[in-house]
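Shown next, in structure tokens, is the structure this report addresses.
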Amino acid sequence: MSIRHGLLALLQRGPSHGYHLRAEFDAATGATWPLNVGQVYSTLDRLERDGLVVQDGEPDSDGRIAYRITDVGQAELRGWFASPVSAKSAPRDELAIKLALAVTTPGVDVLRVVQTQRTATMAGLQELTRLKTRVPDDGELAWSLVLDSLVFRAEAEIRWLDHCEARVARAAAERRSAAPEQPAPATAPLPSGKWGRR
């Protein structure tokens, strides 16, 4: 998520200070990606440095400074909305990296890693489904869209984990069938004595 562009979008509604921007961001996203005030103000400082926002008037009675978007900031925001989100700009997928390392690290029970993640993802999906029942169809469209996205991602993750489990199990079966058979141990000759004499 681009905090930079998120703040510009909120400032497009009108001038605001950092605390209010954080609250508006949380309200729009259902606090799915909570921001702290430090993130907001450090981002506002960079936006101001880059000429995308400017301070709007004097500090209020609590010493908070409001910011407003500039023409350059509006152009930046239009460009962001007009551009697709690139998978290359998305954060690294920790789960994919974890599984890739699990299958190449000796002694790791990969199926257990997959099952543990599936259990957690299923629990998360159930919680998201409960949240969806509390959002009215005609209310809070922004939060509802974010919630839909999270549900679809959780469902896709579960399907991918099922796929991973099948692939890991198939690879293990192929390794077992390709392993050379161990020769049967040679039978030792009967010792001479009571049972060995004729």
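The model shown is predicted, which means the values in this text are computed figures rather than measured ones.
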Side-chain contact test, heavy atoms from C-beta onward, threshold under 4.5 Å: evaluate it for V53 versus R68 and give yes or no.
-> no
Nearest 0.5 Å please: distance from the CD atom of Q39 over to the OG1 atom of T43.
-> 6.5 Å
Determine whether more than 12 heavy atoms belonging to other residues, nucleotides or ligands lie under 6.0 Å from atom CZ of R130.
-> yes
Assess whether side-chain contact (heavy atoms from CB on, under 4.5 Å) is satisfied between L99 and V103, documenting all intermediate values.
-> CA-CA 6 Å; L99 286 179; V103 298; 5.6 Å; no
Please lay out, stage by stage, how L95 and L161 fare under the test side-chain contact (heavy atoms from CB on, under 4.5 Å).
-> CA-CA 10 Å; L95 178 57; L161 288 166; 4.2 Å; yes
Using side-chain hydrogen bond (donor to acceptor under 3.5 Å, both in side chains) as the criterion, list what pairs up with D109, not counting sequence neighbours.
-> none
Partner residues of V40 under the side chain to side chain contact (heavy atoms under 4.5 Å, CB included) criterion, sequence neighbours left out | L7, L21, R22, L35, L44
Are E155 and L125 side-chain neighbours, meaning at least one heavy-atom pair lies under 4.5 Å?
-> yes
Under the salt bridge (charged side-chain N to carboxylate O under 4.0 Å, His left out) rule, collect the residues that match up with E48, sequence neighbours excluded.
-> none
Scanning both residues in full, the closest heavy-atom pair of A9 with F81 reads CB-CZ, 4.1 Å
Does some side-chain heavy atom of E157 sit less than 4.5 Å from a side-chain heavy atom of Q117?
-> yes
Hey, could you give me the CE/CD distance between M122 and Q126, rounded to the nearest 0.5 Å?
-> 6.0 Å
Side chain to side chain contact (heavy atoms under 4.5 Å, CB included) test vs L52 passes for just one of V72, L77, L11, namely V72
Quick one: does V54's side chain get under 4.5 Å of Y67's, heavy atoms only?
-> no
So OG of S42 and CD1 of I3: to nearest 0.5 Å the spacing works out to 7.5 Å
Taking C-beta and beyond as the side chain, do D162 and R118 meet within less than 4.5 Å on heavy atoms?
-> yes
Taking the inter-plane angle between the rings of Y19 and Y41 on a 0 to 90° scale, is it parallel (under 30°), tilted (30 to 60°) or perpendicular (over 60°)?
-> perpendicular
List the atom of G51, the atom of T70, and the distance in Å for their closest heavy-atom pair.
-> O-OG1, 2.7 Å
Looking only at non-hydrogen atoms, find the nearest pair between A154 and L128 and report the distance.
-> CB-CD1, 4.5 Å
Heavy atoms of V110 and A102 approach each other most closely as CG2-O, 3.5 Å
Can you check side-chain contact (heavy atoms from CB on, under 4.5 Å) on D50 and R4, steps first, answer last?
-> CA-CA 11 Å; D50 297 341; R4 171 187 178 93; 3.2 Å; yes
Polar side-chain atom of D62 near backbone of R64 as donor-acceptor pair, under 3.5 Å | no
side-chain contact (heavy atoms from CB on, under 4.5 Å) between I65 and H17, worked out = CA-CA 6 Å; I65 299 170; H17 57 75; 6.0 Å; no
